[in-house]
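Structure record follows, encoded as structure tokens.
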Number of protein chains: 2
Amino acid sequence: MQRHHLRHTSFREQVLLMFLENPKIALSQSNIESSLEAFDRITLYRTMKSFVSAGVLHKAIDGGEELKYALCHEDCNPSQHNDDHPHFLCQKCGSTYCLDDVHIPSFQLPDNYKLLDIQLAISGICDRCNVHLTCNL
Amino acid sequence: MQRHHLRHTSFREQVLLMFLENPKIALSQSNIESSLEAFDRITLYRTMKSFVSAGVLHKAIDGGEELKYALCHEDCNPSQHNDDHPHFLCQKCGSTYCLDDVHIPSFQLPDNYKLLDIQLAISGICDRCNVHLTCNL
DNA sequence: TTATATTTGCAACACAATTGCATTTAATTG
DNA sequence: CAATTAAATGCAATTGTGTTGCAAATATAA
Ligand SMILES: [Mn+2]
Ligand SMILES: [Mn+2]
Ligand SMILES: [Zn+2]
Ligand SMILES: [Zn+2]
């Protein structure tokens with residue numbers, strides 16, 4: 001599992017399992033803390049940092065208050081991340097989804113601007129919440 | 001100037017003038033502090049907060065470390081902001097630009113996802129830095 | 001099993017964000 | 001213009017997150 005040059009520990013396994021259960025859902029550090037029975041704030045902090053630099057997790061900027069993390073693609077490694085997909089924050093339930101399949105369209109920058117990186121944060125209502133809403137009406 | 005239900009004070013005027021000098025450039029709180037001869041950190045903090053909630057400034061998420069602020073459109077008000085344009089962070093000079101004129105192309109979300117808001121953070125090399133680079137080569 | 005390097009847990013620190021409150025100031029009114 | 005009122009300011013204090021140091025515990029390698 002973590003032949004990303006990371007040692008296997010039970011703590012890291014617990015954390016990683018939370019992400020593997022819902023591969024396309026991003027979790028914040030406080031999300032993770034809520035699901036752990038016992039945890040050390042600093043160890044979790046360093047775990048996330050290790051995972052990100054190892055290419056296991058990537059930071060998911062969703063435009064919300066707190067930073068979230070999500071599973072990387074298979075081909076991510078310590079030297080290069082490859083997670084340039086949009087992230088979707090649901091304003092109802094607060095969940096953040098990795099939209100791997102949504103292609104970021106190209107667009108025209110002003111003259112002499114050179115594009116190197118894009119971060120697309122979308123917010124709205126997710127499919128799950130949308131179904132609930134339409135059922136209640 | 002601030003008939004956004006904000007009182008006119010010399011401090012607020014100083015801050016607002018910095019934004020009016022370069023209407024399309026976003027400034028961080030530390031940027032502003034550098035340009036003020038004397039300031040109170042907390043007052044500046046509250047000034048920014050007032051400006052944002054009054055519809056004078058909007059937060060410009062550029063993917064960089066620090067939060068920046070930029071002038072709102074004319075039609076922004078306390079109840080609704082209307083600043084859904086991309087922001088461009090130059091990796092050379094660190095400047096952040098509001099790309100008012102760049103149209104965000106529409107794209108297809110997964111089924112049952114309802115889009116309410118988009119934040120597009122672009123980074124690269126700005127026109128100013130690009131000109132310098134090409135001159136030196 | 002032993003040796004070595006990494007990880008963990010706890011304390012401590014740095015720093016930005018936030019609040020309380022008395023004082024000052026701006027706008028309003030007579 | 002003077003008095004009144006509500007908002008803004010400045011300073012102290014608090015909170016909370018991010019971060020580091022270090023000794024003890026643990027995972028991997030030999
Ligand atoms: Mn993602
Ligand atoms: Mn802007
Ligand atoms: Zn939802
Ligand atoms: Zn530049």
Side-chain angles (χ1 to χ4, degrees), chain A residues 1-19 26-70 77-79 89 94 96, chain B residues 1-19 26-70 77-79 89 94 96:
Chain A
M1 196 70 75
Q2 33 222 115
R3 297 296 137 69
H4 288 265
H5 305 286
L6 284 177
R7 291 194 176 177
H8 174 272
T9 69
S10 73
F11 186 81
R12 283 175 175 172
E13 184 176 309
Q14 283 183 76
V15 174
L16 194 53
L17 277 176
M18 296 183 56
F19 286 96
L27 300 173
S28 68
Q29 192 162 330
S30 62
N31 285 334
I32 299 169
E33 291 176 359
S34 310
S35 303
L36 291 176
E37 72 288 357
F39 68 95
D40 178 67
R41 191 175 66 90
I42 292 92
T43 302
L44 180 56
Y45 162 74
R46 282 191 269 224
T47 298
M48 305 309 282
K49 214 171 169 180
S50 302
F51 280 172
V52 169
S53 70
V56 177
L57 298 179
H58 65 272
K59 293 180 180 176
I61 287 91
D62 62 3
E65 294 303 317
E66 49 186 9
L67 177 60
K68 296 189 176 179
Y69 300 87
N77 57 66
S79 57
L89 169 63
T96 299
Chain B
M1 195 70 74
Q2 33 222 113
R3 297 296 138 69
H4 288 264
H5 306 286
L6 285 178
R7 291 193 176 178
H8 175 272
T9 69
S10 72
F11 186 80
R12 284 175 173 172
E13 184 176 309
Q14 282 183 76
V15 174
L16 194 54
L17 276 176
M18 295 183 57
F19 286 96
L27 300 173
S28 68
Q29 192 164 328
S30 62
N31 284 336
I32 299 169
E33 290 176 0
S34 310
S35 303
L36 292 175
E37 71 288 355
F39 69 95
D40 179 68
R41 193 173 62 87
I42 291 94
T43 302
L44 179 56
Y45 163 75
R46 280 192 270 225
T47 297
M48 304 309 282
K49 213 171 169 179
S50 301
F51 279 172
V52 169
S53 70
V56 176
L57 298 180
H58 64 273
K59 293 179 181 177
I61 287 89
D62 62 3
E65 294 303 316
E66 49 185 11
L67 177 62
K68 296 190 177 180
Y69 301 87
N77 56 67
S79 58
L89 169 63
T96 298

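Heavy-atom basis, side chains included; hydrogens, waters and symmetry copies ignored. All chains are named by letter (A, B, ...) in the order of the sequence lines, taking the proteins before the strands, and each is independently numbered beginning at 1. Note that this is a predicted model, so its numbers are computed, not measured.
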Rounded distance [0.5 Å steps], [atom1] in [X] versus [atom2] in [Y]:
X: A/Ser35; Y: A/Leu17; atom1: OG; atom2: CG; result: 12.0 Å
X: B/Thr96; Y: B/Ile61; atom1: OG1; atom2: CD1; result: 11.0 Å
X: B/Leu57; Y: B/Lys49; atom1: CG; atom2: NZ; result: 14.5 Å
X: B/Ser53; Y: B/Met48; atom1: OG; atom2: CE; result: 12.0 Å

So, do [X] and [Y] sit near enough that their side-chain heavy atoms are less than 4.5 Å apart?
X: B/Tyr69; Y: B/Lys59; answer: yes
X: A/Glu33; Y: A/Arg41; answer: yes
X: A/Asn31; Y: A/Met18; answer: no
X: B/Val15; Y: B/Phe51; answer: yes
X: B/Leu36; Y: B/Phe11; answer: yes

Send over the distance from [X] [atom1] to [N] [atom2], rounded to a whole Å.
X: B/Glu13; N: D/dA8; atom1: CD; atom2: C1'; result: 15 Å
X: B/Phe39; N: D/dC11; atom1: CZ; atom2: P; result: 12 Å
X: A/Leu36; N: C/dT8; atom1: CG; atom2: C1'; result: 15 Å
X: A/His5; N: D/dA27; atom1: NE2; atom2: C1'; result: 16 Å
X: B/Leu44; N: C/dC15; atom1: CG; atom2: P; result: 18 Å
X: A/Asp40; N: C/dA11; atom1: CG; atom2: C1'; result: 11 Å
X: B/Glu65; N: C/dA17; atom1: CD; atom2: P; result: 13 Å
X: B/Ile32; N: C/dA16; atom1: CD1; atom2: C1'; result: 15 Å

Polar atom pairs (N or O), protein with nucleotides 27-30 of chain C, under 3.5 Å:
from, atom 1, to, atom 2, distance (Å)
C/dA27, OP1, B/His8, N, 2.9

Under 4.0 Å protein heavy-atom contact, by nucleotide of nucleotides 15-20 of chain D - B base, S sugar-phosphate only: ---BBB
